[in-house]
Amino acid sequence: MTSPESTSESTSTDFIRAIVQDDLESNKYDGRVVTRFPPEPNGYLHIGHAKSICLNFGVASEYDGGVCHLRFDDTNPLREDIEYINSIQEDVRWLGFDWGSHLYYASDYFDALYSFAEQLILDGRAYVDSLSADEIRDYRGTLTEPGRESPYRNRSAEENLDLFRRMRDGEFEDGAHVLRTKIDMESPNLNMRDPTIYRIRRATHHRTGDKWCIYPMYDYAHALSDSIENITHSLCTLEFEDHRPLYDWTLEALDVYRSQQIEFARLNLTNTVMSKRRLLQLVEGGYVSGWDDPRMPTISGLRRRGYTPEAIRTFCEHVGISKRDTVVNMALLEHCIREDLNLHAPRVMAVLNPLKVVIDNFPEGEVLEFDAVNNPEDPSMGSRKVPFSREVYIERDDFREDPPSRFFRLAPGREVRLRYACYITCQEVVKDPETGEVIELHCTYDPESVGGSTPDGRRVRGTLHWVSARHALQAEVRLYDYLLRDADEGDEDSRDFISLLNPDSLQTLIDCKVEPGLADAELGSRYQFERQGYFCVDTRDSGPGAPVFNRTVSLRDSWARIEQSQSRGGS
RNA sequence: UGCCCGGUGGUGUAGCGGUAGCACGUCAGCCUUUGGAGCUGUAAGCCCUGGUUCGAACCCAGGCCGGGCAGCCA
């Protein structure tokens with residue numbers, strides 16, 4: 001009864017977990033489960049990485065003694081930087097995962113990798129090729145034609161060893177030679193046509209400095225790094241499927257511990273872009289404010305947007321693991337954060353587009369304080385006092401001079417409730433004489449309704465949020481929408497995906513009125529603005545007593561849907 | 001025109017030869033001092049064609065469709 005299977009029938013068993021379980025039962029790895037998350041430190045992590053992180057750390061955590069390594073795949077010094085090493089660690093930790101002491105770098109294995117390469121040479125399974133990059137490509141053949149063997153393919157082990165050592169010692173220029181495995185130039189799998197495993201690259205490595213001028217390639221370094229770390233299950237994305245034979249070949253050729261590579265589909269999301277190239281394009285083109293712009297699907301962007309680690313983890317669970325390549329609806333991500341914040345975010349009233357309401361029969365100068373529940377989902381969160389006075393702000397959208405059918409909010413002559421406060425009735429609409437714009441409403445309140453209900457028990461259809469004008473705190477609020485207007489990028493494989501960007505992905509409101517209590521809201525803290533959505537205090541741009549709010553996600557808006565279907569349907 | 005991988009409601013995911021389930025989304029109703037949340041219900045699916053079998057989403061064959069692969073990137 002303590003087995004995980006019997007306690008939780010919802011434990012999802014995707015095909016990878018099934019393999020791990022089988023391997024455990026057959027004792028393939030002596031009962032060990034060791035996974036790894038192996039990012040190249042050349043960019044910021046995004047929600048797609050989160051899927052891999054949740055998988056790798058998740059699988060490991062499901063077994064006693066299971067561990068997941070964090071390994072930086074830093075074999076290409078040209079593209080990598082310490083900045084990314086730091087941000088990646090921060091993001092993985094923030095997501096709630098812990099690699100303990102298992103932090104590794106492929107560059108830690110450069111010496112070992114080099115020795116293995118010499119061994120391959122001695123065994124006649126690797127050779128130094130002196131063809132140019134263009135020539136190698138030419139000799140490789142095509143998808144449908146076999147490749148040809150390099151004229152250098154049959155150099156003696158002695159000559160290869162000598163050349164390789166001189167490569168290491170810096171005797172040759174970049175590109176003069178490479179080390180290739182000797183496999184099969186006619187293989188239908190291009191990865192097996194004598195892949196390059198070492199290239200000369202004079203670049204200062206962020207960790208090894210100038211110690212090396214030759215660097216191992218991914219396929220070679222990755223397989224051996226997994227082996228060195230005794231990884232049992234090396235989980236990676238589908239595009240590496242064709243590389244698995246090389247992965248296996250490498251470990252077999254060197255007769256070392258065999259890790260097992262298993263591939264799964266990477267995550268795609270609607271209405272956004274995920275590739276590093278495109279994200280970089282957005283940052284460099286100034287289409288967003290940076291890698292942590294709240295519109296970005298990066299972990300740092302989502303964090304700044306107000307997403308919680310829990311919501312992201314839940315999302316990854318919902319998405320599941322399989323081998324089909326798919327596009328997950330953004331609505332699922334939004335559902336996950338709403339679900340989390342609904343339970344945990346304190347409620348607060350904030351008017352985004354203020355319209356002043358004067359309550360004519362309310363005594364000038366008098367202030368009432370009403371109790372407002374902090375979270376109806378969680379009574380333990382208590383309540384707070386909210387000041388009320390003769391002039392309040394309500395949302396412009398909450399008033400219609402000509403209310404359409406099923407519009408339950410304020411309109412001339414209509415009575416609604418101000419949440420937690422009282423019933424008011426609209427008596428007069430003041431307009432700008434020139435523009436005709438409604439600039440102020442005059443209402444009366446029913447003193448009997450103070451507290452939000454009346455002794456006669458009469459009901460009102462609408463309940464509006466509000467903020468007392470003289471107590472209101474001025475705030476800036478940023479409303480975010482999808483990066484891409486359409487669900488996907490369609491056939492726009494060119495750089496011209498910029499034309500598909502949603503021009504309204506950011507809307508900044510500078511004249512918002514929020515409850516005074518928000519003056520000392522903590523950076524990053526999350527709230528529900530009642531009837532509107534979830535917002536968090538921007539960690540970058542907020543000042544003391546001057547919070548800037550980011551909208552994480554709106555509340556589901558059934559009125560908006562009604563209105564939409566009304567306009568679609570004609571009336 | 002080579003090799004590899006995949007195809008279950010709109011979306012994602014279970015099902016491993018025995019009545020196709022779950023989640024998101026949709027729509028409707030109930031409830032409501034958030035048009036939120038919650039509750040109830042609805043519609044919607046096994047790529048196709050054969051075969052094996054008492055019985056096929058599952059096994060076999062052939063097709064169709066989608067994706068990946070020709071870095072000295074990862």
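Chain A is the first sequence line, chain B the second, and so forth, proteins listed ahead of strands; every chain is numbered from 1.
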A:Ser449 side-chain N/O to A:Tyr423 backbone N/O, donor-acceptor pair under 3.5 Å: yes

Donor/acceptor link under 3.5 angstrom from A:Arg324 side chain onto base of B:U8: yes

Plane angle bin for A:Phe388 and A:Trp466 - parallel if under 30°, tilted between 30 and 60°, otherwise perpendicular: perpendicular

Length of the CD-P vector between A:Gln21 and B:C16, whole Å: 17 Å

Bracket string, RNA chain B, 5' to 3' - pairs by Watson-Crick or G-U geometry under 3.5 Å, | interstrand: .((((((..((((....[..))))..((((.......)))).....(((((..]....))))))))))).....

Selected nucleotide, minimal atom distance to A:Arg419 side chain, candidates B:A14, B:U34, B:G25: B:U34

Short side-chain N/O contact to B:G12 OP1/OP2 from A:Ser322, under 4.0 Å: no

C1'-based separation of B:G18 from B:C59 [nearest Å]: 15 Å

Side chain A:Glu377 and base B:G36 donor-acceptor under 3.5 Å: yes

A:Glu339 or A:Leu418, whichever maps to the more 5' nucleotide of RNA chain B: A:Glu339

Rounded distance in Å - CG (A:Leu352) to P (B:U34): 19 Å

Length of the line joining A:Leu246:CG and B:C3:C1', which is rounded to integer Å: 15 Å

Flag if over 12 foreign heavy atoms under 6.0 Å of CD, A:Glu563: yes

Whole-Å gap separating P (B:U34) and CE (A:Met381): 17 Å

Pairwise P distance for B:C58 and B:A20, with rounding to whole Å: 14 Å

Check ion pair A:Arg193-A:Asp184 (N to O, under 4.0 angstrom): no

Side chain of A:Thr326 (C-beta onward), nearest among B:G25, B:G12, B:U34: B:G12

B:G41 to B:C22 separation - P atoms, rounded to the nearest Å: 11 Å

Pairing of A:Arg155 and A:Asp129 as salt bridge, 4.0 angstrom limit: no

Integer angstrom distance from the P of B:A61 to that of B:C4: 14 Å

Between B:G35 (P) and A:Arg400 (CZ): distance, integer Å: 15 Å

Spacing between A:His335 atom NE2 and B:G12 atom P, to the nearest angstrom: 17 Å

C1'-based separation of B:G10 from B:U26 [nearest Å]: 8 Å

Interatomic distance at P, B:U49 relative to B:U13, whole Å: 25 Å

B:U32 OP1/OP2 closer than 4.0 Å to side-chain N/O of A:Arg461: no

Pairwise C1' distance, B:G12 and B:U19 [rounded to whole Å]: 24 Å

Closest to the A:Pro376 side chain, choosing from B:G35, B:U34, B:U13: B:U34

Min side-chain heavy-atom separation A:Pro38-A:Phe72 under 4.5 Å: no

Whole-Å distance separating the CG atom of A:Leu332 from the P atom of B:U26: 13 Å

Base versus backbone protein contacts along nucleotides 67-74 of chain B [heavy-atom cut-off under 4.0 Å; B, S, -]: SBBBSBBB

Donor-acceptor pair (no angle test) under 3.5 Å: A:Arg347 side chain, B:U34 base: yes

Any donor-acceptor N/O pair under 3.5 Å between B:U34 base and A:Gln528 side chain: yes

Gap in Å between the two C1' atoms, one belonging to B:G68 and one to B:A74, rounded: 15 Å

Sugar-phosphate only, base, or nothing, as touched by A:Arg561 at under 4.0 Å among non-hydrogen atoms: sugar-phosphate

Nearest to side-chain heavy atoms of A:Lys323, which nucleotide of B:C5, B:G25, B:G35: B:C5

Polar side-chain contact A:Arg409-B:G35 base: donor and acceptor under 3.5 Å: yes

